[in-house]
Amino acid sequence: MSRYYLTTPIFYVNDAPHIGHAYSVLNGDAVTRWHRLLGDEVFYLTGTDEHGLKVQRAAEANGLSPQVQADRTSQRFRAAWAELGVANDEFIRTTEPRHHRAVQKLMQRAYDNGYIYSATYDGWYSVADEAYISQEDVTEEDLKAGRVERMTEENYFFALSAFEEQLLDWYEANPHNITPEGYRNEALGIIAGGLRDISITRTSIDWGIPVPWADGHVFYVWYDALTNYATAAGYGDDEGRFAAWWPSARHLIGKDIIRFHCVYWPAMLLAAGVNDLPKFHVHGWLLVGGKKMGKSAFNQISPSDLVSDFGVDGFRYALLRDTPFGPDSEVSHESLQQRYNTDLANNFGNLLQRACALVHRKCGGVGPAPDTDHPLADVVAAVYADTAEGWERFQPSVALEATWRLIRDTNEYLQATEPWKTDPGSVVDTILGNVLESLRIVCILASPAMPFACEVAWGRLGLSGSPLDQRLPEAAEWGQYPGGLAVVDGEPLFPRLLD
RNA sequence: GGCGGCGUAGCUCAGUCGGUAAGAGCGCUCGACUCAUAAUCGAGAGGUCGCCAGUUCGAGUCUGGCCGCCGCUACCA
């Protein structure tokens, strides 16, 4: 048994949950569910990032305290993921006391180790980005709109430049630390291009975690936020727990935050004396009409709208199946619906439906046992291998495509044997037993993407328990449908969607 | 400017070490079937694998150049 600690980015409470956020969280949820099936000890973390100037100002504008502002938005994320059936083990908030302790400890250690020093910044500051910007990037429009302000403040800087070599060595020695591989080159490019020290504190705001060695300073959002991954694993609170979990840490991130995660964060860990560095799984953006999912168009559709259109599992499946993990992916309501109708209504749902109906018509509603040795068993073995590899490589779309081959072959088998033309008896029993067995395995293999629908389908087959409690790879071995179970001839699992 | 990636059927994409790889799914057309959610099964049409040149007995697959799209990064005006 191995540990699998996966994190999503924590989401900034300045924004409402949208499909882009959901995309990260669902990929992580499906992958961790797969690892649970394997019997791995899984820790899946998501949460919210709650400090910083933007939150402080949004709170002021709403006449609220920053904490109340953060509480409200954080709750929206929590509710959104619950609605999507996300099985995160914890939901961390950067305003929690344990997180304050962890950030202070991590940064204090870096400070004690000599990697943090003070300097004065005098220049332009972008409120929107919460970042210092250079003179030439300041535009008149920004000034008029108040997006850019003049600022002079004493800062503490992190000696990022001291870690160039260590980071390059680490990436050299661990070529699989970033997947898909293309993104590894980006991280290497950033490092090889030369690293500059970075400002990590602010005196201009209050809404943040206090710097332990300097009154009036709080940590800048990013250095506060990144540490959440360590906090949740017990850093600063429970060293035994941290030691157990941290070596298996993996961060699921979008390509826009590679610099912070794949360069700054490992350096921060090294500076604090943490030498186990995490792995990264990087995904692209969802595009609508060729443009990044922003605050317009499809974005106006909330995850919850899509749940009402496709059902939780319909949405989860269509999104995961239609978007290769890594590259940017074009998505639309039409493409999701097409995927839903083809793969779920026509293939999986309809196969289940016809199988159950046939069992009722030919076998009195009692599901027969399969052949112990049957050609479909070979299909299952191949499908299992490819499905497992897909999940292992953090490629949900590949894994699901592999699983669906079993559904296709089972439909084909049914068509070839035509049990509806045959009188009840052992021949029909065996055919239907084979189909039920095939469906049993599909229910398990598809459950990371569709935990609820697969449980329902499992029950239709007359099986007790849940596909979520099965153990792979044993449970995917052919021939375990016991026979003699009461099969349920119910309503279609995935009603075909018309428009 | 530098580094890197991409450009394969209408759509989304696979193509490992150059040699039955020109493929899959969807969509489309035709046929079959009727257990099932007008679902399923079969057959077929459709591509000069961005362009040009080269290496080779043989190149989506290697080399050079070009065009187009994109990412990271630098900098000069």
Side-chain angles (χ1 to χ4, degrees), chain A residues 134 136-137 164 178 180-196 254-263 282-287 290-292 311 314 318-332 334-363 365 386 389-390 393 395 397-398 400-405 407-424 428 431-432 435-436 439 453 457 460 487 489-498:
Chain A
S134 58
E136 56 264 32
D137 290 331
E164 275 182 34
I178 300 181
E181 189 159 1
Y183 291 118
R184 180 169 175 268
N185 293 332
E186 307 243 332
L188 282 171
I190 291 170
I191 299 165
L195 299 176
R196 278 190 290 194
K255 68 179 186 180
D256 51 328
I257 52 179
I258 286 178
R259 167 184 289 273
F260 300 103
H261 282 77
C262 305
V263 181
V282 184
H283 65 71
W285 293 326
L286 296 182
L287 305 178
K291 292 183 178 172
K292 183 190 177 187
L319 189 67
L320 294 174
R321 175 63 185 85
D322 248 9
T323 55
F325 187 93
D328 293 350
S329 300
E330 188 74 30
V331 292
S332 65
E334 291 69 29
S335 65
L336 295 176
Q337 176 160 325
Q338 166 110 338
R339 183 58 72 182
Y340 172 98
N341 276 338
T342 300
D343 287 8
L344 299 183
N346 296 353
N347 290 342
F348 184 29
N350 185 53
L351 175 62
L352 177 70
Q353 199 69 11
R354 63 199 304 213
C356 293
L358 284 165
V359 167
H360 275 260
R361 174 182 288 239
K362 300 289 185 182
C363 313
D386 290 349
E389 191 190 342
R393 287 173 44 218
Q395 294 289 332
S397 66
V398 172
L400 293 169
E401 193 272 338
T403 298
W404 254 249
R405 294 210 309 267
I407 295 174
R408 261 200 296 283
D409 284 4
T410 306
N411 263 322
E412 185 182 333
Y413 168 68
L414 204 45
Q415 199 68 30
T417 52
E418 302 185 306
W420 50 88
K421 286 184 175 174
T422 310
D423 289 333
V428 169
I431 291 169
L432 294 178
V435 172
L436 295 175
L439 281 165
R460 289 281 181 80
V487 166
D489 189 13
E491 291 299 304
L493 191 53
F494 303 103
R496 186 181 170 79
L497 299 174
L498 307 170

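Model, not experiment: these values are computed from the prediction. In what follows, every chain begins at residue 1, and chains take the letters A, B, ... in the order their sequences are listed.
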Round to a whole Å and report the spacing from [atom1] of [X] to [atom2] of [N].
X: A:Arg339; N: B:rG27; atom1: CZ; atom2: P; value: 10 Å
X: A:Arg361; N: B:rU34; atom1: CZ; atom2: P; value: 12 Å
X: A:Leu498; N: B:rA39; atom1: CG; atom2: C1'; value: 12 Å
X: A:Asn411; N: B:rC35; atom1: CG; atom2: C1'; value: 11 Å
X: A:Leu358; N: B:rU34; atom1: CG; atom2: P; value: 13 Å
X: A:Arg354; N: B:rA36; atom1: CZ; atom2: C1'; value: 6 Å
X: A:Leu432; N: B:rC35; atom1: CG; atom2: P; value: 13 Å
X: A:Asp322; N: B:rG25; atom1: CG; atom2: C1'; value: 11 Å

Would you classify [X] as touching base, sugar-phosphate or nothing, given that sugar-phosphate means primed atoms plus P, OP1 and OP2, and contacts are heavy atoms under 4.0 Å?
X: A:Leu493; value: base
X: A:Glu412; value: sugar-phosphate
X: A:Lys421; value: sugar-phosphate
X: A:Gln338; value: sugar-phosphate
X: A:Asn341; value: nothing
X: A:Ala357; value: sugar-phosphate

With rounding to the closest Å, how many angstrom separate the [atom1] atoms on [N] and [M]?
N: B:rC17; M: B:rA36; atom1: P; answer: 49 Å
N: B:rA21; M: B:rU63; atom1: C1'; answer: 23 Å
N: B:rC67; M: B:rG25; atom1: C1'; answer: 31 Å
N: B:rA9; M: B:rU48; atom1: P; answer: 9 Å
N: B:rG64; M: B:rG71; atom1: C1'; answer: 24 Å
N: B:rA14; M: B:rG58; atom1: P; answer: 30 Å
N: B:rG42; M: B:rC49; atom1: P; answer: 29 Å
N: B:rG54; M: B:rU12; atom1: P; answer: 33 Å

- Note on the structure: Base-paired stretches in RNA chain B with three or more consecutive Watson-Crick or G-U pairs, both distances under 3.5 Å, amount to B:1-7 with B:67-73, B:10-13 with B:23-26, B:28-32 with B:40-44, B:50-54 with B:62-66
- When rounded to the nearest 0.5 Å, the distance separating CZ of A:Phe348 from CG of A:Asn411 is 11.5 Å
- Message: Could you measure the distance from the CG atom of A:Leu319 to the OG atom of A:Ser335? Nearest 0.5 Å is fine.
- Response: 9.0 Å
- On RNA chain B, more 5' by nearest nucleotide between A:Gln353 and A:Tyr413 is A:Gln353
- Select from A:Ile407 and A:Ala355 the residue whose nearest nucleotide in RNA chain B is closer to the 5' end of that strand. A:Ala355
Close side-chain approach of [X] and [Y], heavy atoms under 4.5 Å:
X: A:Trp285; Y: A:Val331; answer: no
X: A:Glu401; Y: A:Gln395; answer: no
X: A:Tyr413; Y: A:Ile431; answer: yes
X: A:Arg496; Y: A:Asn346; answer: yes
X: A:Ile190; Y: A:Leu195; answer: yes
X: A:Ile178; Y: A:Ile258; answer: no
X: A:Phe494; Y: A:Asp343; answer: no
X: A:Gln415; Y: A:Glu412; answer: no

- Once each nucleotide of nucleotides 71-77 of chain B is scored for protein heavy atoms under 4.0 Å, what B/S/- sequence comes out, 5' to 3'? SSS----
- Query: Could you run down nucleotides 6-11 of chain B 5' to 3' and tag each one B, S or - for protein heavy-atom contact under 4.0 Å?
  - Reply: ------
- Task: Return yes if some donor-acceptor pair links the side-chain N/O of A:Asn347 with the main-chain N/O of A:Thr342 below 3.5 Å, else return no.
- Result: yes
- Query: Does A:His261 use its side chain to pair, donor to acceptor, with the backbone of A:Gly254 at less than 3.5 Å?
  - Reply: no
- Could you tell me whether B:rG10 is syn or anti, where syn means a glycosidic angle within 90 degrees of zero? anti
- B:rC33, B:rG25, B:rG27: which one has an atom nearest the side-chain heavy atoms of A:Arg408? B:rG25
- B:rA39 phosphate, OP1 or OP2, under 4.0 Å from A:Arg496 side-chain N/O: yes
- Task: Kindly indicate whether the side chain of A:Asn350 and the base of B:rA36 share any N or O donor-acceptor pair separated by less than 3.5 Å?
- Result: yes
- Item | Non-hydrogen atoms of A:Pro419 and A:Lys362 that approach each other most closely | O-CE, 3.4 Å
- Message: Salt bridge or not between A:Lys255 and A:Asp328? Use side-chain N to carboxylate O under 4.0 Å.
- Response: yes
